[in-house]
Each structure stands twice: as C-alpha cells, then as structure tokens.
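We're numbering straight along the sequence, starting at 1. Order of listing sets the numbers, starting from 1, for every ligand and every atom in it.
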Amino acid sequence: MHVLLEDVLAQNHILQDFEVDYHTPSMGAKTLLLNARCIAGTRNSEPLILLACEDITEHKEVERQKDLFLGIASHELKTPVTSIKLYTQMLQKRFLKAADAASATVVAKMDAQLSHLTSLMTELLDATKLQAGVLSLQITSFDVNDLVQDIVEEMQHTTDRHQIQIEGDVHELLSADRERMSQVLMNLLSNAIKYSPEAETILVRLTANTGTITLSIQDFGIGITADQQAHLFERFFRVRDAAHETFPGLGLGLYISAGIVKQHGGRIWVESQEGAGTTFFVSLPLK
Ligand code: ADP
C-alpha cells in the first residue's frame with residue numbers, strides 16, 4: 001500500500017475537490033470534503049480512482065467564527081478611527097494657522113497612519129463580505145477610459161519615483177460598479193508601485209476586443225516565481241521570500257480584486273518573471 005501510494009503521488013491528477021453538506025438524525029449537520037484523484041498507469045495500466053473523504057465540520061465552524069469576528073471587529077473599529085481621523089485633521093489645521101509647522105508635521109504623520117489603519121480595516125471587512133457572499137455591487141454605465149485616467153492620476157500622487165503611463169485610448173461604456181472597479185485598479189497599481197522599488201515605469205494598457213475590455217498593469221519590479229503565482233488570489237496569501245518580505249501587507253488585496261472581477265463576470269490573471277517584473281490582466285464583458 002505504501003509503495004502504491006508513493007507512485008500514485010508521483011503521477012496523480014486531482015479531478016475534483018468538493019464540499020458536501022449533509023444531515024443525519026444521529027450526528028447532526030456535517031460538512032465533508034471529497035477529493036477524487038485519477039491515477040493512471042499504476043497496476044496493469046488500469047486507471048484507478050482514489051476517493052478521499054474528510055470530515056471538515058469543525059474546521060468550517062472555526063472559519064465561520066473567525067470571519068464573524070473579523071467582520072464585527074473591523075466594522076466596530078472603523079467608527080472610532082474615523083472620528084480620530086477627523087480630530088487629527090482639525091488639529092493639523094489649527095497648528096498650521098498658528099504657524100506651528102513642527103506640530104503640524106507630527107499630526108500629518110498621525111493622519112497618514114490612520115489612513116493606513118482605515119484601509120487595512122476596509123480590506124478585512126471586504127474580505128469577510130466576499131467570503132460570506134454578501135459583497136453587493138452598484139452597477140452603472142461609465143466610460144472605462146475616464147476611470148483609468150482618474151485612478152492613474154490619483155495613484156501618481158502617491159509616488160515620486162514612478163511614472164505611470166497609459167497606453168491605449170479605448171472609449172467603451174462599461175456596465176460595472178465604478179467604486180469597486182476603482183478599488184481593483186488602485187490595488188493593482190499600489191502593488192505595482194510597492195513591488196517595483198527600483199524601477200521607474202509602470203504601464204497601464206487598455207484594449208478592446210469583441211465584447212470584452214482588457215486592462216493590464218505592468219511593472220518591472222521584483223516579480224513572482226511560477227510556483228507562487230498559482231496561490232496569489234488566495235485569501236491571506238503573501239509570497240514568502242527575502243525580496244517580498246520587506247514590504248508590508250495582509251495578503252487580501254488580490255483576493256478581494258479577484259472576487260470583485262469574478263462578481264462582474266470577468267477574469268483576472270497574472271504573468272510574471274522573478275526579477276524582471278509582473279503584469280496583471282483584468283478582462284471584463286462589456287455588456
Ligand atoms: P499585500 O497587501 O500583501 O500586497 P495582495 O493580495 O495585494 O496583498 O498581494 C498578495 C501577494 O502577491 C503580495 O504579498 C506579494 O507577495 C505578491 N504580489 C502582488 N502584486 C505583486 C507585484 N506587482 N509584484 C510582485 N509581487 C506581487
């Protein structure tokens with residue numbers, strides 16, 4: 001059995017991984033994870049199907065409690081943080097009026113940290129909404145070119161080192177949630193800035209094909225190895241290597257972006273080479 005399993009693992013193909021909920025009077029509600037693998041060319045070249053079944057009821061409940069906690073905590077923390085932010089802005093104005101530049105600088109730094117805290121809490125809240133399937137969209141029609149111009153202009157203010165260039169002048173009407181699509185573009189651009197500290201150029205391309213619009217964001221930064229690329233859109237995933245670990249983050253931005261794009265019926269994917277740079281693509285249906 002041991003030997004068989006070893007060559008099974010060398011050649012296997014995962015056919016399917018699926019969760020099944022069921023209820024029995026004696027055991028109550030249970031969730032099972034079923035995993036089917038097709039094993040080719042083991043005994044007598046007969047294909048073999050291996051079925052594994054795992055009871056993940058407890059694991060699902062822990063996940064549910066964790067999501068609930070994250071949702072409540074990030075929601076409840078947002079209100080006091082928003083008022084502290086307002087007070088720091090009032091303080092900053094007072095210091096500036098009193099020509100106390102040193103104090104105004106300290107308060108400006110507090111304000112920047114509060115903005116960072118707010119965006120972390122928003123990420124946590126969005127991720128829990130996505131996980132629970134309650135992230136709602138407000139669909140309107142807008143020119144996709146205007147959205148790209150607005151966001152690029154906004155993101156350009158966050159960096160002195162990089163030059164964000166737009167290629168392609170596609171004026172197509174997109175039916176989507178403008179706020180959420182801005183969030184996706186901002187997230188991909190802030191990653192491009194963050195993970196290309198030595199490079200200067202970031203390219204944003206817009207192309208239209210029959211019924212589809214494709215947006216790409218290319219940087220010439222630290223890149224991502226092929227084996228890590230497969231996990232990029234998973235919740236809390238961060239690349240663990242010396243080049244990436246110096247940058248802060250929760251590993252939620254791409255998970256949220258992928259969720260938003262999928263909810264619009266679109267596709268998101270990545271092409272990257274370690275040390276040479278990364279391109280993220282988002283394609284969306286025009287209708
Ligand atoms: P984070 O907040 O950690 O950046 P993301 O979900 O946005 O979370 O990204 C997940 C991980 O993918 C990052 O931690 C980083 O390791 C990697 N990554 C994302 N974008 C890039 C990029 N443009 N270049 C290199 N690595 C990237």
- Looking only at protein heavy atoms, what sits closest to atom 19 (C) of ligand 1 is N191 ND2, 3.5 Å
- Message: For ligand 1 and E123, I'd like to know whether there is a polar contact (N/O to N/O, distance under 3.5 Å).
- Response: no
- Task: Return the orientation label for the Y195 and F247 ring planes: parallel under 30°, perpendicular over 60°, tilted otherwise.
- Result: perpendicular
- Based purely on interatomic distance, does Y255 place a nitrogen or oxygen under 3.5 Å from a nitrogen or oxygen of ligand 1? no
- Task: For atom 5 (P) of ligand 1, find the nearest protein heavy atom and state the residue, atom name and distance (0.1 Å precision).
- Result: L254 N, 3.7 Å
- Query: Is a side-chain donor-acceptor pair under 3.5 Å present for E61 with Q65?
  - Reply: yes
- Task: Considering only non-hydrogen protein atoms, determine which one is nearest to atom 8 (O) of ligand 1 and report residue, atom name and distance to 0.1 Å.
- Result: G251 CA, 3.2 Å
- Message: Does D67 form a salt bridge (Lys or Arg N to Asp or Glu O under 4.0 Å) with R235? I'd like the steps, not just the answer.
- Response: CA-CA 12 Å; D67 286 341; R235 203 160 57 129; 2.9 Å; yes
- Return yes if a side-chain donor-acceptor contact under 3.5 Å exists between E234 and H231, otherwise no. yes
- Query: Given E167, which of V204, L203, T207 fulfils the side chain to side chain contact (heavy atoms under 4.5 Å, CB included) condition?
  - Reply: L203
- Item | Region of T278 engaging ligand 1 - heavy atom pairs below 4.0 Å | side chain
- Query: Got a salt bridge between R180 and D126, using NZ or NE/NH1/NH2 to carboxylate O under 4.0 Å?
  - Reply: yes
- State if F280 counts as touching ligand 1 under the rule of any non-hydrogen atom under 4.0 Å. yes
- Flag G253 as yes when one of its N or O atoms lies below 3.5 Å from any N or O atom of ligand 1, and as no otherwise. yes
- Between S175 and S141, do the side chains contain an N or O donor and an N or O acceptor separated by less than 3.5 Å? yes
- How close does the nearest protein non-hydrogen atom get to atom 26 (N) of ligand 1, and which residue and atom is it? H244 NE2, 3.0 Å
- Message: Students should be able to answer this: which protein heavy-atom is nearest to atom 10 (C) of ligand 1, and at what distance?
- Response: F237 O, 3.3 Å
- Query: Which atoms of ligand 1 have any heavy atom of L250 under 4.0 Å away?
  - Reply: 2 (O), 3 (O)
- Query: Under a 4.0 Å N-O cut-off, is there an ion pair linking D21 with K30?
  - Reply: no
- Carboxylate-amine/guanidinium contact K60 E63, below 4.0 Å: no
- What residue and heavy atom of the protein are closest to atom 4 (O) of ligand 1, and at what distance? Y195 OH, 2.8 Å
- Polar-atom distance check: I222 versus ligand 1, any N or O pair below 3.5 Å? no
- Just heavy atoms, cut-off under 4.0 Å: does I224 contact ligand 1 by side chain, backbone, both, or neither? side chain
- May I ask you to check whether T278 and S272 show a side-chain donor-acceptor distance below 3.5 Å? yes
- Item | Protein heavy-atom partner closest to atom 12 (O) of ligand 1 - residue, atom, separation in Å | L232 CD2, 3.3 Å
- Task: If you have a sec, work out which protein heavy atom is nearest atom 3 (O) of ligand 1 and how many Å separate them, to one decimal?
- Result: R238 NE, 2.6 Å
- Message: If you apply the rule side chain to side chain contact (heavy atoms under 4.5 Å, CB included), what do you find for M121 with K78, and how did you get there?
- Response: CA-CA 7 Å; M121 288 185 311; K78 254 184 127 171; 4.0 Å; yes
- Message: Under 4.0 Å, heavy-atom basis, I'd like to know which part of D219 is in contact with ligand 1: side chain, backbone, both or neither.
- Response: side chain
- Distance flag, aromatic centroids of Y255 and F237, threshold under 6.0 Å: no
- L252: numbered ligand 1 atoms lying under 4.0 Å from its heavy atoms: 6 (O), 8 (O)
- Return yes when K194 approaches ligand 1 closer than 4.0 angstrom through a heavy atom, no otherwise. yes
